[in-house]
Amino acid sequence: MARKKTLKLATFNVNGIGARLAQLLDWLARERPDVVALQELKARDHAFPLSALEEAGYGAVWQGQSSWNGVAILGRGTTPVEVRRGLPGDPADKQSRYLEAAVHGIVVAAIYLPNGNPQPGPKFDYKLRWMARLARHAKSLVSIPGGAAIVGDFNVIPTDQDVYDAKAWRKDALIQPESREAYFKLLEQGWTDSLRHVHGEATVYTFWDYFRQHAQRDRGLRIDHLLVNPPLASRLAGAGVDRWVRLQEKASDHAPTWIELKAGPR
DNA sequence: ATGACAAAGAGGCTTTGA
């Protein structure tokens with residue numbers, strides 16, 4: 001069997017898979033990503049639209065939840081093999097925010113990191129604890145020889161380059177020094193922030209809120225990230241954001257964000 | 001400082017999340 005030249009790995013916070021299914025299918029058909037991490041399904045497990053995705057050529061694993069959260073991993077032409085469901089470190093945490101699977105030869109951790117607002121407060125505390133748990137577990141992924149990626153909605157604005165107006169967001173959980181510190185501490189394990197790596201200092205946004213026509217005016221944030229371990233970093237061939245999805249009517253507030261990986265050694 | 005949008009449960013609005 002001929003091997004594809006590149007593997008396209010994408011993450012997309014759909015903000016309700018029920019409300020966004022038609023747009024998701026349209027995007028899959030147009031951009032044909034090989035692996036997709038989805039966040040904010042906002043659907044119970046039984047409401048996950050597996051048959052529609054299968055008709056579109058994708059297998060899936062998912063972790064739903066009523067009303068909030070929910071993550072999934074899609075594989076083009078294959079069903080991802082689930083490795084882990086839920087982030088270790090707190091058995092009492094029942095929120096559907098973490099799913100890990102092997103797909104197309106790599107390990108993908110799909111995350112929906114807690115937003116943490118309002119801060120300060122218990123939700124921000126939960127965010128920081130969740131990030132500490134993520135860092136602990138990520139250590140076991142960073143050295144996977146075949147390649148590993150942690151992708152999803154991190155709800156962290158890494159630097160002021162990643163926000164249209166840092167002052168307007170200064171009180172927000174996404175930009176707090178503690179959130180940023182935890183993010184960079186994670187990177188220090190050996191993870192590469194793919195979008196930043198590929199685009200250098202250029203401005204790249206992945207999210208535009210629904211207020212004041214921010215999408216149309218390109219007043220956004222970069223909070224959806226694709227972190228790759230060293231074996232995958234050496235294969236990085238490109239990265240981008242499908243902003244056209246965000247500019248549609250009734251769009252999610254996030255746009256699909258992706259990387260391309262060269263074929264790995266066999 | 002403002003404010004959009006979708007889902008859910010109980011209804012034909014209100015609350016919640018972020």
Side-chain ion pair, R30(A) and D242(A), N-O less than 4.0 Å: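 Between D242(A) and R30(A) there is no salt bridge, as every charged N stays at least 4.0 Å from the carboxylate O atoms.
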Cationic N near anionic O, under 4.0 Å, R180(A) to D160(A):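 The answer is yes: the pair qualifies as a salt bridge.
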Could you give the [atom1]-to-[atom2] distance, from [X] to [N], as a whole number of Å?
X	N	atom1	atom2	value
K167(A)	dA1(B)	NZ	P	14 Å
W169(A)	dA1(B)	CH2	P	14 Å
Q216(A)	dG3(B)	CD	C1'	14 Å
Q213(A)	dG3(B)	CD	C1'	13 Å
K171(A)	dT2(B)	NZ	C1'	13 Å
I17(A)	dA8(B)	CD1	P	13 Å
N13(A)	dC5(B)	CG	P	16 Å
R219(A)	dG3(B)	CZ	P	17 Å

[atom1] spacing across the pair [N] / [M], given as an integer number of angstrom:
N	M	atom1	answer
dG11(B)	dT16(B)	P	15 Å
dC13(B)	dT2(B)	P	26 Å
dT14(B)	dA10(B)	C1'	9 Å
dA1(B)	dT15(B)	P	24 Å
dG12(B)	dG17(B)	C1'	22 Å

Contact nearer the 5' end of DNA chain B, comparing R212(A) with S66(A):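 It is R212(A) whose nearest nucleotide is closer to the 5' end.
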5' precedence on DNA chain B between A19(A) and D209(A) (nearest-nucleotide basis):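 Looking at the nearest nucleotide for each, D209(A) comes out on the 5' side.
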Reading 5' to 3' through nucleotides 11-18 of chain B, protein heavy-atom contacts under 4.0 Å coded B for base, S for sugar-phosphate only, - for none: -----BSB
Given dA6(B), dG3(B), dA1(B), the nucleotide with the shortest approach to the side chain of F211(A):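 Nearest nucleotide to the side chain: dG3(B).
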Among dA1(B), dC5(B), dA8(B), the one nearest Y210(A) by side-chain distance: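 Closest nucleotide among those given: dC5(B).
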Polar side-chain atom of R235(A) near backbone of K262(A) as donor-acceptor pair, under 3.5 Å: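 Yes; at least one donor-acceptor contact below 3.5 Å.
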For Q39(A), the option from T11(A), V14(A), N155(A) that meets side-chain contact (heavy atoms from CB on, under 4.5 Å):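 Answer after filtering T11(A), V14(A), N155(A): T11(A).
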Parallel, tilted or perpendicular, as decided by the 30° and 60° cut-offs, for the rings of Y164(A) and W169(A):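 Ring orientation of W169(A) relative to Y164(A): perpendicular.
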Modelled atom types, side-chain donor and acceptor of N15(A) and K42(A), under 3.5 Å: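 The criterion, which ignores hydrogens and geometry beyond distance, is satisfied for K42(A) and N15(A).
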Linked hydrophobic residues, V81(A) as query - side chain contacts closer than 4.5 Å: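 Members other than V81(A) - counting any ILVMFWY side chain reachable under 4.5 Å - there are none.
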